[in-house]
Amino acid sequence: MKFRLVSILVFACVLGIVLIQSEIPETIAGYERDEALKLGERMYRQGLLPSGKSMTAIVQGDIPVDGRMFSCISCHVRGGLGSTEGTVITLPTNGAYLFQPLARGQEVLKLSEEQQPRQLRSTMRRSAYTEDTLAGAIRFGFDPDGRELNPVMPRYELDDDDMAVLVFYLKNLSSRPSPGVDDTTIHFATVITDDVDPASRDAMLLTLQAHVRDHNSQSRHDEERAQKGPYYKDEMFMSYRRWSLAVWDLRGDPATWPDQLAEYYRQRPVFALLGGISTRDWRPIHEFCEERQIPCMLPITPYPVIADKDWYTLYFSKEYHQEAESAARFIRSTYDRDQLPELVQIYRPGPAGDRLAEAFRRTVNRMKLGPVTDIRLADDQAADSRFWSELGRQHGGKAVMIWLPADDLTQSAALADWSSPPALAVVSADMLSGKYARLPERIRDFTYLTHIYSMPDEKPKSLLALHRWLKVREIPVTDEVIQAKVYFLGWMLSGAVKHMRRNFYRDHFLDIWDMMNDETYAIAVYPRISFGPGQRYAAKGCYMVQLTKDPEPQLVRRSDWLIH
Amino acid sequence: MNSRGRRLIFIPLGLTLLLFGGASLLAEDPPPARSCCAAKAAPANQTTAGQACCAAGAQKAQATEAKKGCCAAPADQTAQTAAAAEKSCCAAGAQMAQTAQTEDKSCCDTDPAKTKALDYERTLASYSIPDVTLIDQDGRKVSVRELMSTDKPVMVNFVFTTCTTICPILSASFADMQRELGSKAEDVLFVSFSIDPEYDTPELMNEYLERFDAQPGWVFLTGNRTDIESVMRAFDAYVANKMSHLPLTFLRASGADKWVRINGLIGTSEFMREFEQLARN
């Protein structure tokens with residue numbers, strides 16, 4: 001009896017203790033963990049308080065600023081690892097960096113501080129932040145050792161709850177390395193869809209694999225130096241990782257691609273996707289990357305997703321969208337406001353035609369250049385001479401966008417016979433696919449082509465560098481455009497990975513790309529490629545060109561690369 | 001239920017409740033309100049609250065170092081640091097009041113010796129403006145030479161819309177100057193040149209100016225690369241890599257030939273002082 005009572009009491013005590021010790025969900029200023037992270041992220045990236053109001057601060061001692069002008073992300077960038085711009089170094093503000101003490105130059109070393117020669121030890125130190133001192137830094141601009149932060153760091157007005165949310169977010173920002181990296185290797189993958197012909201597949205893959213081989217060949221004996229090099233170079237060499245490159249072949253219906261991607265990822269998580277190629281809409285892969293927060297660097301596709309606020313995929317160009325937008329800009333820059341021609345566009349519904357027409361329409365609306373008349377050619381409708389003549393009767397004198405392939409242009413010489421000639425005509429060079437001769441000579445005087453690549457004779461040195469690089473690696477030049485693009489990707493990747501060092505965070509990886517210098521040399525098929533925070537289409541220009549009146553016409557440039 | 005059954009249920013239940021109750025008593029109190037200058041004062045008292053909170057911070061012995069660091073600098077901080085802390089706290093008070101009235105900033109201005117001036121490089125130079133046509137935030141063509149031949153005082157900077165650190169400060173600086181000038185803002189021409197014409201379109205420049213509450217009289221220009229670079233070179237502000245650009249602000253007095261070239265990030269006090277000096281020279 002006594003024994004039973006005692007055992008009941010003991011059981012009750014144990015039960016009580018277990019219940020108390022068990023996970024009482026952590027709340028931050030009253031918010032659940034996930035909610036707090038979302039709100040903190042919104043503060044960091046958009047400068048909005050949980051209440052929805054703009055964050056306010058003072059910068060440079062006396063300039064009031066609010067979250068619309070800029071926020072934490074502006075200087076500390078998305079991954080939180082900071083930035084360098086001109087004379088201003090913005091230090092990291094991610095959890096791993098803030099909440100440990102720092103001595104400059106002691107990031108990763110084989111020797112502990114005590115082991116280092118006294119005269120080489122760093123004297124620049126900062127104690128670890130605590131939640132309290134971090135709040136103090138954000139509010140009043142002092143570090144934990146009482147040093148004043150540069151006045152370029154805003155002093156924020158935040159109440160305790162909002163501060164708790166922000167501090168919680170910073171604690172978790174880039175605090176754990178992203179998947180796809182281990183002690184020896186960064187794992188990458190490249191996506192190839194089954195509509196791609198074998199020659200194009202090889203052009204992309206062999207070039208990319210050559211870059212990976214080059215990196216893994218360790219011409220600087222990186223792994224050996226990590227073991228045996230002088231300790232003050234440890235950070236550089238111990239950051240080295242080999243690269244692995246998996247090939248993710250996607251087959252069949254694009255609706256099944258997300259599942260295929262998920263399965264590949266499940267078998268071996270990767271840090272990022274490199275290159276890749278498809279002749280179809282890249283959207284399923286784009287959305288997979290956006291959802292899983294996986295960087296996708298410079299895939300080759302005529303159909304990128306146009307979404308200015310998405311983050312994870314960097315494309316070479318807006319492709320058809322770029323052409324149509326540039327046509328609209330060219331019209332704006334050519335004509336005075338009060339002399340704008342009326343606009344008409346002709347296209348066949350389909351992936352290319354739809355994109356060109358949609359982009360042209362949107363840009364024209366945004367620029368207020370007037371209404372656009374759409375003429376959709378059905379599948380069974382031929383663009384014969386009667387079609388072109390009829391067009392002239394209804395739309396004489398207008399600016400005509402001809403978003404059609406080469407085959408549809410054979411009878412378009414009729415344009416030259418209009419009683420009111422077109423103000424101008426525009427054709428997409430990409431849609432012509434190099435068949436410039438098909439554009440009738442009689443209309444070349446007033447017809448422009450949107451050309452989103454460099455001119456044929458523009459970059460001989462870059463092409464030569466590409467050819468030489470491929471030759472040394474015994475890769476035949478089979479597709480100059482694809483191989484030039486992938487050569488550029490590998491060239492950039494090398495630099496980006498070096499900058500990343502041991503900070504294996506995917507957002508940081510993209511931040512690094514965003515900070516890279518504009519490139520003119522290493523990219524043979526575009527005049528210039530540029531980067532910037534949040535910029536996701538690397539080649540941003542378009543030439544307007546005309547054709548000479550020869551059976552094998554030459555391209556003549558009629559505009560700058562940038563048309564505004 | 002018999003008494004033994006009751007004991008079997010209620011004794012463990014009671015003990016468990018006791019344990020929970022005890023645990024909650026031992027649990028930490030929620031952190032006390034610590035905010036000083038960020039406290040939301042009643043609207044009528046906001047100005048006073050801004051200043052009073054500095055005084056309160058100095059007087060009350062509060063738990064956090066941060067609070068002390070605001071207005072009553074800890075004993076081991078240098079006088080310079082203390083002055084800066086005071087200034088930033090006072091400025092926060094002024095911001096809360098959301099006015100630009102002199103009295104709100106008076107706690108900073110009373111002792112100029114205490115206010116830490118910001119360091120910057122200042123030189124004078126003549127620049128030859130190139131004859132190029134750029135495009136403004138409304139998509140209109142602008143002849144740069146014609147624009148610069150205005151009689152108004154002119155302020156110039158070089159920025160780009162996705163810039164991280166320097167440009168937001170330079171632009172906030174322009175925005176605050178326009179506010180400070182009040183009704184006189186339209187008598188001054190503010191010009192920002194994009195150094196990322198690849199990306200900066202009129203639409204994006206417009207959006208950027210809206211974010212900074214730009215008032216009429218602030219022109220943002222983009223164009224083709226050659227023209228933009230010629231303007232950069234004309235102002236001795238050329239950089240090959242936009243990420244390396246310097247924090248430059250240029251001022252030219254009405255009818256003057258020379259430009260004041262400021263290299264360094266400044267606040268509104270410095271900017272206004274330079275501007276007023278222009279009028280005097």
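Note that the coordinates shown come from a computational prediction; the quantities given were computed from them, not determined experimentally. To find a chain, count down the sequence lines: A is the first, B the second, and so on, and within it residues start at 1.
- Looking only at side-chain heavy atoms (C-beta outward), A/H564 and B/T201 come within less than 4.5 Å of each other.
- Considering A/M367, A/R332, A/R366 as possible partners of B/P202, the one that fulfils the side chain to side chain contact (heavy atoms under 4.5 Å, CB included) test is A/R332.
- Neither the backbone nor the side chain of B/L134 comes within less than 4.5 Å of any heavy atom in chain A.
- Residue contact with chain A, scored on non-hydrogen atoms closer than 4.5 Å, involves the side chain of B/L246 exclusively.
- Checked by atom type and distance alone, the side chain of B/K242 pairs as donor or acceptor with a backbone atom of A/F531 at under 3.5 Å.
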### Query
Does the side-chain contact (heavy atoms from CB on, under 4.5 Å) test come out yes or no for A/L562 and B/E198, once each step is laid out?
CA-CA 7 Å; A/L562 297 178; B/E198 306 280 326; 3.7 Å; yes

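- Between chain B and the residues A/V77, A/V152, A/T84, the most heavy-atom pairs under 4.5 angstrom are made by A/V152.
- Contacts of B/E203 with chain A are made by side-chain atoms alone, with heavy-atom separations under 4.5 Å and no backbone atom involved.
- With sequence neighbours excluded, the residues forming a side-chain contact (heavy atoms from CB on, under 4.5 Å) with B/T226 are B/N224, listed by chain and number.
- Residues A/V88 and B/P247 are not in side-chain contact: their nearest non-hydrogen atoms beyond the backbone lie 4.5 Å or more apart.
- Proximity to chain B (any heavy atom under 4.5 Å) is restricted, for A/V59, to the side chain, taken from C-beta onward.
- For B/N263, no part lies under 4.5 angstrom from a heavy atom of chain A.
- At a 4.5 Å heavy-atom cutoff, the contact between A/D514 and chain B is made by backbone atoms alone.
- Considering only heavy-atom pairs separated by less than 4.5 Å from chain B, the leading option among A/G67, A/G534, A/S333, A/A164 is A/S333.
- Contact annotation for A/Y537: neither backbone nor side-chain heavy atoms come within less than 4.5 Å of a heavy atom of chain B.
- Considering only heavy atoms from C-beta on, A/F70 comes within 4.5 Å of B/I169 through its side chain.
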### Message
What verdict does the side-chain hydrogen bond (donor to acceptor under 3.5 Å, both in side chains) test give for A/Q535 and B/T162, after you've listed the backbone C-alpha separation in whole Å, the side-chain angles of each residue and the deciding distance to 0.1 Å?
### Response
CA-CA 8 Å; A/Q535 297 184 21; B/T162 58; 3.0 Å; yes

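- Contacts between A/S559 and chain B at a heavy-atom distance below 4.5 Å are absent for every atom of the residue.
- Contact of B/D196 with chain A is made through the side chain alone, with heavy-atom distances under 4.5 Å.
- Salt-bridge formation is not detected for the pair A/D336/B/K141: no Lys NZ or Arg NE/NH1/NH2 atom is positioned less than 4.0 Å from an Asp or Glu carboxylate oxygen.
- Counting heavy-atom pairs closer than 4.5 Å to chain A, the top-ranked of the candidates B/D213, B/V239, B/T161 is B/D213.
- Summarising the local packing, OH of A/Y521 is surrounded by 12 or fewer heavy atoms from other residues, nucleotides or ligands at distances under 6.0 Å.
- Proximity of A/R68 to B/F212: side-chain heavy atoms (C-beta onward) are nowhere separated by under 4.5 Å.
- Within the 4.5 angstrom heavy-atom criterion, atoms from both the backbone and the side chain of A/N517 approach chain B.
- Shown here for B/M243 and A/P533, the closest heavy-atom pair between the two residues is CE-CD, 3.9 Å.
- With a threshold of 4.5 angstrom between heavy atoms, B/I135 approaches chain A through side-chain atoms but not through N, CA, C or O.
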### Task
Report the C-alpha distance between B/T164 and A/S74 in whole Å, list the side-chain angles of each, state the deciding distance to 0.1 Å, and finish with yes or no for side-chain hydrogen bond (donor to acceptor under 3.5 Å, both in side chains).
CA-CA 5 Å; B/T164 54; A/S74 307; over 6 Å; no

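- No other option in A/M69, A/K540, A/R337 has as many heavy-atom pairs under 4.5 Å with chain B as A/M69.
- Separation of atoms OG1 (B/T268) and CD1 (A/I63) is listed at 4.0 Å; rounding is to 0.5 Å.
- A/D518 and B/R225 are joined by a salt bridge, as a carboxylate oxygen and a charged side-chain nitrogen come within less than 4.0 angstrom of each other.
- Distance OG/A/S530 to CG/B/N241: 11.0 Å, rounded to 0.5 Å.
- Per-residue counts of heavy-atom pairs under 4.5 Å with chain A were compared for B/T165, B/D138, B/T222; the largest is that of B/T165.
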